[in-house]
Amino acid sequence: MKYWLFKSEPDSWSWQQQKAKGSAGQQWDGVRNYQARNNMRAMEVGDLGFFYHSNQGLDVVGIVEVSALVHHDTTTDDPRWECVDIRAVKDVPNPVTLNDVKANPKLADMVLVNNSRLSVQPVSAAEWKEVCRMGGVEPAP
DNA sequence: GCCAACGTTGGC
DNA sequence: GCCAACGTTGGC
């Protein structure tokens, strides 16, 4: 089991929209960055991730689960770009803001803090546990 | 709206 | 293979 963080601007794809997709899930398309794509290639069905709102909100608002392995991103003809499907699992009752993360020494090494531009990020098990604790979520589904 | 950080592109 | 120019992202 691995952990991840998916970043999206609520203006283009929000947590509300993700939740509306329910268990059907949604392909995480539009990624045009090799690092982010490689992270998705490393994902397995059942891996968990945080859903983070960038630009507006700047907080972790939900938990998602990888529901389909990496496959071609249908929004482009370019064969280089691939994506996984994710489905919403549950809300984070107390959304964890970027400021909260920055203020917590245990999270000093989070990619969110150190490479904020990466849109699909790995999260360590310790970081996962800590952010779940801050958000008031059980670390396991 | 601004700007810093970062990734990509393309000429050499 | 290097590096300057450019475009994009995302926090502020």
Side-chain angles (χ1 to χ4, degrees), chain A residues 1-139 141:
Chain A
M1 161 79 71
K2 292 184 290 290
Y3 302 103
W4 310 95
L5 183 144
F6 297 85
K7 205 165 40 176
S8 182
E9 301 186 21
D11 276 353
S12 46
W13 185 255
S14 70
W15 176 236
Q16 296 306 323
Q17 288 172 286
Q18 182 68 49
K19 277 198 293 186
K21 283 282 176 179
S23 56
Q26 168 73 21
Q27 71 171 358
W28 196 252
D29 55 33
V31 171
R32 301 291 182 265
N33 171 283
Y34 291 107
Q35 247 184 301
R37 185 207 60 189
N38 291 343
N39 286 335
M40 289 196 283
R41 283 182 171 178
M43 292 178 189
E44 297 170 67
V45 171
D47 280 358
L48 296 175
F50 291 126
F51 193 105
Y52 175 82
H53 275 162
S54 64
N55 270 317
Q56 290 173 48
L58 311 186
D59 50 5
V60 173
V61 289
I63 306 288
V64 295
E65 180 186 27
V66 175
S67 58
L69 283 179
V70 73
H71 55 82
H72 179 243
D73 180 340
T74 60
T75 61
T76 176
D77 290 333
D78 193 328
R80 292 177 299 172
W81 303 122
E82 302 172 343
C83 63
V84 296
D85 290 7
I86 61 173
R87 66 176 186 86
V89 174
K90 57 186 164 189
D91 291 309
V92 171
N94 313 307
V96 180
T97 68
L98 181 61
N99 282 337
D100 295 337
V101 171
K102 284 181 175 173
N104 187 334
K106 288 182 185 171
L107 303 176
D109 291 332
M110 268 192 89
V111 181
L112 190 64
V113 178
N114 298 307
N115 185 6
S116 62
R117 292 193 50 198
L118 186 60
S119 60
V120 179
Q121 311 177 352
V123 173
S124 76
E127 290 161 356
W128 180 265
K129 213 176 155 184
E130 181 64 9
V131 174
C132 283
R133 189 191 61 76
M134 294 162 76
V137 206
E138 291 296 317

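Residue numbers start from 1 in every chain, and the chains themselves are labelled A, B, ... in the order their sequence lines are given, proteins ahead of strands.
Of the listed nucleotides (C:dG10, C:dG11, C:dC12), C:dC12 has the atom at the smallest distance from the side chain of A:Asn99. Of the candidates C:dC12, B:dT8, B:dA5, the closest approach to any side-chain atom of A:Lys102 belongs to C:dC12. The side chain of A:Arg117 has C:dT8 as its nearest neighbour among B:dG7, C:dT8, C:dG11. Relative to the side chain of A:Asn115, the nucleotides C:dT8, C:dC12, B:dG7 differ in distance, and B:dG7 lies closest.
As a whole-Å value, the separation of A:Gln121 CD from C:dT9 P is 15 Å. Rounded to whole angstrom, the span from the CG atom of A:Asn114 across to the C1' atom of C:dG10 amounts to 15 Å. Straight-line distance from the CG atom of A:Leu112 to the C1' atom of B:dA5: 15 Å, rounded to whole Å. Following rounding to the nearest Å, A:Asn55 (CG) and B:dC2 (P) show an atom-to-atom distance of 16 Å. As rounded to whole Å, 15 Å separates atom C1' of C:dT8 from atom OH of A:Tyr34. Between the NE2 atom of A:His53 and the P atom of C:dT9 there is a distance of 17 Å, rounded to whole Å. Between the CG atom of A:Leu118 and the P atom of C:dT8 there is a distance of 18 Å, rounded to whole Å. Rounded to whole Å, atom C1' of C:dT9 lies 14 Å from atom CG of A:Asp11.
A donor N or O paired with an acceptor N or O is not found under 3.5 Å between the base of C:dT8 and the side-chain atoms of A:Arg32.
The aromatic rings of A:Phe6 and A:Trp28 stand perpendicular to each other, their planes meeting at an angle above 60°, with 30° marking the opposite boundary.
Between the side chain of A:Asp73 and the backbone N or O of A:Arg80 there is no donor-acceptor pair closer than 3.5 Å.
Residues A:Asp11 and A:Gln56 have side chains that bring a donor and an acceptor to within less than 3.5 angstrom of each other. In the model, A:Thr97 has no side-chain atom that pairs as donor or acceptor with a side-chain atom of A:Asn99 under 3.5 Å.
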